[in-house]
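First the structure, in the form of structure tokens, and then the observations on it.
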Amino acid sequence: MTANSEPCFKLATQWINNCLSEHSSSCPLDATTSLPTRVIDVGLDMDTPQVRVFETKGLQGTWVALSHCWGRLARLVTETSSLHDRTQGIALSELPKTFLDAIKITRKLGYRYLWIDSLCILQDSHQDWVDESSRMQDYYSKAILTIASDLATGDHESFLDNARPESTSISIPFNSKAAVTSLSHVCIYKDVKTPGTDPDVTPLSVRGWTLQEDILSPRSLHYTTLELIFECQRSRFVETDLTPQGYNDVDQMRSIKRFFLHPKSGFNNPLLLKYPAYEAYYQPISRWYRLFENYCTRLLTFESDRLAAIAGLAKEIQGQTNFLYKAGLWAEDIHTGLLWAVNGRGERAEKYRAPSWSWASLDIRFYWGTNINPNFELYMLMGNWDKDSNPESCRRAEMLECEVETVNGDPFGPVVGGWLRLRGYMLPLAKWRGSTEIYINVFWSSIRSHQRGGSVGGVKGVKAADQLVCDFDSTPEEEETFESGDDVDSEVELNEEEKDGEVEWRSDKYPPDVVLFQIQRHVRPGNELVEERAIFFCLLLEPTSQDSNSLDYRRVGIAEVPDINGLGRDGWEKREIIII
């Protein structure tokens, strides 16, 4: 990329200025914003041989943020003991290559302040980390620009010195009123992946923290292996095609970032008049679930960051909806929020992180940013099934109380306790009387769901209309023993027989104390070709004590209960419970 660096800076300046002048309704810039607590003062002279950490003390101004992979080979950080020295100056020769590139870009674009998390947050101070990570939403959403080092695996690597793959291309110029410049061009490439298309996986795209860094940024410069990409909240530009993508493009309308900071500005999109169904993509809560499923395929160095690394997005959603945030769920949409499934891949965190009804209570096993089961979805598949809105038939659980205890009362801060009190219908799993064997979803086998009529995207339909489908949060090891209050052991075995091309995990005797608790009924409307069907989404719960009068339970999974032959209604007892 070195040979093209000067043209890239010129293009970047054009893109940024175009966004600032044309996209004020969707890509905000607040000139009265206070700088972050600390920033890197890069100066305005390109030849200055050093930079410094600057403690801003409420000073207002503009800044550039860096989104990067820390890596393991080069770690230049600021700690309490080194803060004073950092404020006096840091020689450029001491800085890793990623930081040097970011400083060069910041200076070239005419900005003075740069925010780099590892240098601007005291890495040995838990309190400073808590304080500064809670401001991440502001640091990225109010930055004038975010530099995204997509291709560097760590700070020791340069992203400006990237050698682009050789290719043969033909440049075709044309005039366009929509382009940044009056003369645009596209390139036809041979023998390489077409520039302008994102790599399936980049070092930055698999990291958990970087999702909110990207989504919250009004404007981002992505340095990829092929070219420079500029993306704002409304449009997207690439070096090889200066025509903006996004505002009038159906595929880009579905982008989870498009109009995120100002969703109402997206409702003026002319394509919504033609495709009104896409309006749901701009609804904050709908977008939250799409963002969250993306987030849960990403890696975290520390599982303890699971809530913190998405807190900035949650704060933005809260500001748009005024909903109450409860350990990763929304109180006003609790009946959807509770319906998460991990297909047995979860492990209860060693140190308390959240109540059991929150996804954040688990360590979730992934493989380098890609789901072990590529068809995994964190939230139960909704497909074309609708929530039953009939109060007489939906048997919707009544939320009586939802409390979460956090550090300093910050709803987005570390969680130290919590409970959820519900009133609804309960049935011991041992009393399930369906004629078809219970199916249990696990990540190393096929996923089954009542919401799939056949095999769609690797998710299979149920074997029979009366089949109970369960998703336990954790998969027991082979021959693991569950102990009941009566000291009756129930052995869970791995059935090695191939059935319908898959290996099933099941047992003849389920843990006798697990119960089904109904949350919400969903319906698939019928038509002349298919009959109407309905299921109850239920939580799988186990009591936390042997006291039969205790109301306390712990979540251990989720289930789809078919509303057929009275299976979802007969014998169920209405109970009040507390999930901790």
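Hydrogens, waters and symmetry mates play no part in the numbers below; they use all other heavy atoms, side chains included.
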Exercise. If you count the non-hydrogen atoms of other residues, nucleotides and ligands that lie under 6.0 Å from CG in N408, is the total more than 12?
Worked result: no
Exercise. Does any N or O in the side chain of T224 come within less than 3.5 Å of the main-chain N or O of E227, such that one atom is a donor and the other an acceptor?
Worked result: yes
Problem set entry | Lys/Arg N to Asp/Glu carboxylate O, D333 vs K387, below 4.0 Å | yes
Exercise. Does a side chain donor of either N343 or N441 reach within less than 3.5 Å of an acceptor in the other side chain?
Worked result: no
Exercise. Hey, is CD on E350 packed in by over 12 heavy atoms from elsewhere, all under 6.0 Å?
Worked result: no
For this session: Begin with the C-alpha distance, continue with both residues' side-chain angles, and end with the deciding distance and a verdict on side-chain hydrogen bond (donor to acceptor under 3.5 Å, both in side chains) for D131 and Q127.
Result: CA-CA 6 Å; D131 292 342; Q127 187 59 53; 2.9 Å; yes
Exercise. Do T153 and W70 have side-chain heavy atoms sitting under 4.5 Å apart?
Worked result: no
Problem set entry | Spacing of L119 atom CG and I90 atom CD1 [to the nearest 0.5 Å] | 5.5 Å
Problem set entry | Side-chain touch E231/D214, heavy atoms, less than 4.5 angstrom | yes
Exercise. Are any side-chain N or O atoms of S21 and backbone N or O atoms of N17, one a donor and one an acceptor, separated by less than 3.5 Å?
Worked result: yes
Exercise. Step by step, would you call L122 with D124 a side-chain contact (heavy atoms from CB on, under 4.5 Å)?
Worked result: CA-CA 6 Å; L122 302 180; D124 63 341; 4.2 Å; yes
For this session: Indicate yes or no: at least one non-hydrogen side-chain atom of L20 is less than 4.5 angstrom from one of L29.
Result: yes
Exercise. Under 6.0 Å between ring centres, would you say that holds for F99 and H68?
Worked result: yes
Problem set entry | Derivation and outcome, salt bridge (charged side-chain N to carboxylate O under 4.0 Å, His left out), residues R86 and E79 | CA-CA 9 Å; R86 298 275 189 265; E79 296 181 337; over 6 Å; no
For this session: Please lay out, stage by stage, how R207 and T301 fare under the test side-chain hydrogen bond (donor to acceptor under 3.5 Å, both in side chains).
Result: CA-CA 9 Å; R207 305 305 305 177; T301 302; 2.7 Å; yes
Exercise. Once you round to the nearest 0.5 Å, how far does OG1 of T336 lie from CG of L329?
Worked result: 9.5 Å
Exercise. Any idea which heavy atoms bring L307 and A327 closest together, and the distance?
Worked result: CD2-C, 3.9 Å
For this session: Step by step, work out the side-chain hydrogen bond (donor to acceptor under 3.5 Å, both in side chains) result for Y139 and E132.
Result: CA-CA 9 Å; Y139 290 175; E132 292 300 288; 2.9 Å; yes
Seminar exercise, completed: dist L59:CG -> Y113:OH (nearest 0.5 Å) comes out at 5.5 Å
Exercise. Given side chains that start at C-beta, do those of V39 and P36 come closer than 4.5 Å, heavy atoms only?
Worked result: yes
Problem set entry | Side-chain (Y282) to main-chain (R258) donor-acceptor, under 3.5 angstrom | no
For this session: Compare every heavy atom of S149 with every heavy atom of A152, then report the nearest pair and how far apart it is.
Result: CB-OG, 3.2 Å
Problem set entry | Shortest non-hydrogen contact from P355 toward Y352 | N-OH, 3.2 Å
Seminar exercise, completed: Result for side chain to side chain donor-acceptor pair (under 3.5 Å) between Q137 and one of E316, K142, K315 points to E316
Exercise. What pair of heavy atoms forms the shortest contact from E22 to R234, and how long is it?
Worked result: O-NH1, 3.9 Å
Exercise. Does Y111 have its ring centroid less than 6.0 Å away from the ring centroid of W63?
Worked result: no
For this session: Look at the side chain of Q233 and the backbone N and O of L261, then say whether any donor-acceptor pair between them is shorter than 3.5 Å.
Result: yes
Exercise. Can you tell me if R555 uses its side chain to pair, donor with acceptor, with the backbone of S358 under 3.5 Å?
Worked result: no
For this session: Working to the nearest 0.5 Å, report the span between OG of S82 and CD of Q88.
Result: 12.5 Å
For this session: Hey, could you give me the CG/SG distance between L339 and C538, rounded to the nearest 0.5 Å?
Result: 9.5 Å
For this session: Please assess R353 against D363 for the test salt bridge (charged side-chain N to carboxylate O under 4.0 Å, His left out), listing each intermediate value before the final yes or no.
Result: CA-CA 10 Å; R353 191 186 305 144; D363 292 344; 2.6 Å; yes
Exercise. Taking C-beta and beyond as the side chain, do W209 and R298 meet within less than 4.5 Å on heavy atoms?
Worked result: no
Exercise. Is the charged tip of R38 near the ring of W115: under 6.0 Å from the six-membered ring centre and within 45° of its axis?
Worked result: no
Exercise. Could you walk me through whether S356 and I579 pass the side-chain contact (heavy atoms from CB on, under 4.5 Å) check?
Worked result: CA-CA 7 Å; S356 67; I579 310 176; 3.7 Å; yes
Exercise. Step by step, would you call V342 with W340 a side-chain contact (heavy atoms from CB on, under 4.5 Å)?
Worked result: CA-CA 7 Å; V342 293; W340 51 271; 4.1 Å; yes
Problem set entry | Main-chain N/O of G346 paired to S474 side chain as donor or acceptor, under 3.5 Å | yes
Exercise. So, are K326 and E332 salt-bridged, with charged N and O less than 4.0 Å apart?
Worked result: no
Problem set entry | E293 side chain near Y289 side chain, heavy-atom distance below 4.5 Å | no
Exercise. Measuring from I215:CD1 to R287:CZ, what's the distance to the nearest 0.5 Å?
Worked result: 8.0 Å
Exercise. Under 3.5 Å, is there a donor-acceptor pair between the side chain of T56 and the main chain of T37?
Worked result: yes
Seminar exercise, completed: Smallest heavy-atom separation, G208 atom then L300 atom, equals CA-CD2, 3.9 Å
Problem set entry | Side-chain touch V238/L228, heavy atoms, less than 4.5 angstrom | no
Seminar exercise, completed: Contacts satisfying side-chain hydrogen bond (donor to acceptor under 3.5 Å, both in side chains) that involve residues 90-102 (not counting sequence neighbours) are D101-S158
Exercise. For I317, which of F323, F260, F292 qualifies under side-chain contact (heavy atoms from CB on, under 4.5 Å)?
Worked result: F260
Problem set entry | Non-hydrogen atoms of P284 and Q320 that approach each other most closely | CG-OE1, 3.4 Å
Exercise. Would a distance-only check, ignoring hydrogens and angles, find a side-chain to backbone donor-acceptor pair under 3.5 Å from S67 to A148?
Worked result: no
Exercise. Do side-chain atoms of T202 reach the backbone of S205 as a donor and acceptor pair under 3.5 angstrom?
Worked result: yes
Exercise. Are the side chains of R421 and C402 in touch, meaning some heavy atoms are under 4.5 Å apart?
Worked result: no
Problem set entry | side-chain hydrogen bond (donor to acceptor under 3.5 Å, both in side chains) between S265 and S26, worked out | CA-CA 6 Å; S265 64; S26 56; 4.8 Å; no
For this session: Could you go through the side-chain contact (heavy atoms from CB on, under 4.5 Å) check for T62 and L35 one step at a time?
Result: CA-CA 7 Å; T62 57; L35 291 166; over 6 Å; no
Problem set entry | Parallel, tilted or perpendicular: ring planes of Y325 versus F412, cut at 30 and 60 degrees | parallel
For this session: Give a yes or no on whether the backbone of L204 and the side-chain of D150 come within a donor-acceptor separation of less than 3.5 Å.
Result: no
Exercise. Would W419 and W357 count as a close aromatic pair, with their ring centres under 6.0 Å?
Worked result: no
